[in-house]
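This report refers to the structure that appears directly beneath it.
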Amino acid sequence: MAEGKISVGAEPYDFEFDPRRTALLVIDMQRDFLEPGGFGEQLGNDVSRLRQVIPPLQRLLANMREDGYLVIHTREGHRADLSDCPPAKIARGRLSCGIGDVGPMGRVLVRGSYGHDIVDELKPLSDEAVLDKPGKGAFFATDLDLMLRNHGIESLVVTGVTTEVCVNTTVREANDRGYECLVLDDCVGSYFPEFQEYALRMIKAQGGIFGWVTGSTDLLGAMAAAGASVGGRI
Ligand code: C5J
């Protein structure tokens with residue numbers, strides 16, 4: 001293993017990463033998806049499944065912050081005039097309270113509304129980037145790729161919700177751009193247990209066709225054993 005790299009047990013095989021070239025991506029941990037009364041619940045989902053992700057993600061975030069990793073949060077949502085929201089996305093589902101409509105937590109998936117923001121438990125620090133994205137993938141119509149390249153990032157630790165939608169789309173986009181993605185199975189969540197399972201299997205199948213999967217305890221154990229803090233990012 002190259003000097004300075006950390007190796008963590010993962011599927012389909014050990015994942016090696018340089019902590020100075022690795023970022024933590026926290027995808028869409030927004031009230032609209034995680035809290036009662038939000039968009040997710042309006043769609044008929046049980047939000048408690050997603051909320052299980054919060055404690056392990058809090059622990060991971062605290063440790064990766066402590067070690068100096070680059071942390072980037074994303075939020076799915078739209079401008080107040082919905083000019084960045086395709087009409088097809090607004091119409092999809094024929095919802096009585098869909099994107100742009102006023103729900104219990106303000107306008108659904110509209111930037112600036114209470115429901116659009118990140119849950120209190122995972123509040124970004126003032127020096128952490130919060131990237132607003134209009135699509136499911138975090139690279140679509142955003143400057144994420146530019147930010148990562150400017151920081152010399154090669155590997156991503158991917159967390160957030162939902163596993164089969166925004167997490168999977170982002171991992172696929174990242175993979176096509178040459179990033180190596182480690183997805184943490186206890187730090188990503190789905191409303192549907194079967195989608196959680198298959199979305200993770202799709203990532204690690206065929207020799208890791210989109211990336212690697214492990215748990216946050218394994219990652220934190222490997223980080224602690226290596227004793228490496230990012231120090232001077234390259
Ligand atoms: C969804 C997301 N599920 N963040 N968004 O619509 O996965």
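Just so you know, ligand 1 is whichever comes first in the structure, and atom 1 is the first atom listed for that ligand.
Linking Ile, Leu, Val, Met, Phe, Trp and Tyr whenever their side-chain heavy atoms come within less than 4.5 Å puts L70 and I27 in one cluster. F33 and V165 fall into different hydrophobic clusters, where Ile, Leu, Val, Met, Phe, Trp and Tyr side chains are chained together by heavy-atom contacts under 4.5 Å. Note on V102: it does not cluster hydrophobically with V110, by side-chain heavy-atom contacts below 4.5 Å among ILVMFWY residues.
To the nearest 0.5 Å, atom CG of residue D185 and atom OG1 of residue T163 are 9.5 Å apart.
Cluster partners of Y114, using a side-chain heavy-atom cutoff of under 4.5 Å among ILVMFWY residues and allowing indirect links, are M105.
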If you look at each N/O of ligand 1, which protein N/O atoms lie under 3.5 Å away, and at what distance?
unit_1	atom_1	unit_2	atom_2	d
ligand 1	3 (N)	T162	OG1	3.4
ligand 1	4 (N)	D28	OD2	2.8
ligand 1	4 (N)	V161	O	3.1
ligand 1	5 (N)	E76	OE1	2.9
ligand 1	6 (O)	K136	NZ	3.0
ligand 1	7 (O)	T162	N	2.9
ligand 1	7 (O)	T162	OG1	3.1
ligand 1	7 (O)	C166	N	3.2

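Residues N63 and Y69 have side chains that never bring a donor and an acceptor to within less than 3.5 angstrom of each other.
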